[in-house]
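First comes the structure, then the notes that go with it.
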Amino acid sequence: MASYNKVIMMGNVVRNPELRHTPGSNLPVARTALAVNRKYKDKEEVMFIDIVVFGKQAETLEAYATKGTPLLVDGRLSQSSWEDPNSGQKRSKHEIIVENFQLLGGRRDRSDEGQNRGSDSGGGFNSPSDQMDDDDIPF
């Protein structure tokens, strides 16, 4: 039986995306996180999910998304593991490798950073992330 790894989430950007480039191929990579809320009964649960975006859409996300921007993403779940250099303990985390995203809501600007870029509601973007291994991610 074949496996299937697909994640679709909608939430708000937790922090301004950080854009870097991979060594060698110089492929743009943006990292941020989504805050995803779930309300039930009289309680609210908030999850913070790390996301990684590659290529041209990484540049687009960095240019137009800021903290608080509503964002719809779809992609695949990835797990990375490492050994903590301080404690020597094995650590791991899950993140979404974004294949497509859509900016939601109205126009926003980045006046907090001295930039004035707006986003149109709705643009969808495709990712070349299938060409990358998780080991190629620079941070």
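Treat the numbers as computed from the prediction; the structure is a model and nothing was measured. Hydrogens, waters and symmetry mates are skipped; everything else that's a heavy atom, side chains included, is used.
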Indicate yes or no: at least one non-hydrogen side-chain atom of [X] is less than 4.5 angstrom from one of [Y].
X     : Y      : answer
Leu72 : Phe101 : no
Pro28 : Leu19  : yes
Asp74 : Lys6   : yes
Met9  : Ile49  : yes
Arg76 : Val7   : no
Ile97 : Glu95  : yes
Ile51 : Leu71  : yes

With the 4.5 Å side-chain cut-off for hydrophobic clustering, are [X] and [Y] part of the same group?
X     : Y     : value
Val46 : Val13 : no
Leu34 : Tyr64 : yes
Leu77 : Val53 : yes

What closest approach, in Å, do [X] and [Y] show between heavy atoms, and which atom pair accounts for it?
X     : Y     : result
Ala65 : Pro17 : O-CD, 3.3 Å
Phe48 : Ala35 : CE2-CB, 3.8 Å
Leu61 : Ala30 : CD2-CB, 4.5 Å

Between [atom1] of [X] and [atom2] of [Y], what distance do you get to the nearest 0.5 Å?
X     : Y      : atom1 : atom2 : answer
Glu59 : His21  : CD    : NE2   : 5.5 Å
Thr69 : Leu104 : OG1   : CG    : 9.5 Å
Glu18 : Arg31  : CD    : CZ    : 9.0 Å

Report the C-alpha separation of Val29 and Val52 in whole Å, then their side-chain angles, then the decisive distance to 0.1 Å, and conclude whether the side-chain contact (heavy atoms from CB on, under 4.5 Å) test is met.
-> CA-CA 7 Å; Val29 181; Val52 182; 3.7 Å; yes
Would you call Asp50-Lys93 a salt bridge at under 4.0 Å N-O?
-> yes
Residues Lys43 and Glu45 bridged, charged N to O under 4.0 Å | no
What's the verdict on side-chain contact (heavy atoms from CB on, under 4.5 Å) for Val73 and Asn100, showing C-alpha distance, side-chain angles and the deciding distance?
-> CA-CA 6 Å; Val73 300; Asn100 301 291; over 6 Å; no
Keeping the roles fixed (side chain from Asn16, backbone from Lys67), state whether a donor-acceptor pair exists under 3.5 Å.
-> yes
Answer yes or no: is there a donor N or O on one side and an acceptor on the other, between the side chain of Thr32 and the main chain of Arg15, under 3.5 Å?
-> yes
Gln89 and Asp84: side-chain donor and acceptor closer than 3.5 Å?
-> no
Answer yes or no: does atom CZ of Arg38 have more than 12 heavy-atom neighbours from other residues, nucleotides or ligands under 6.0 Å?
-> yes
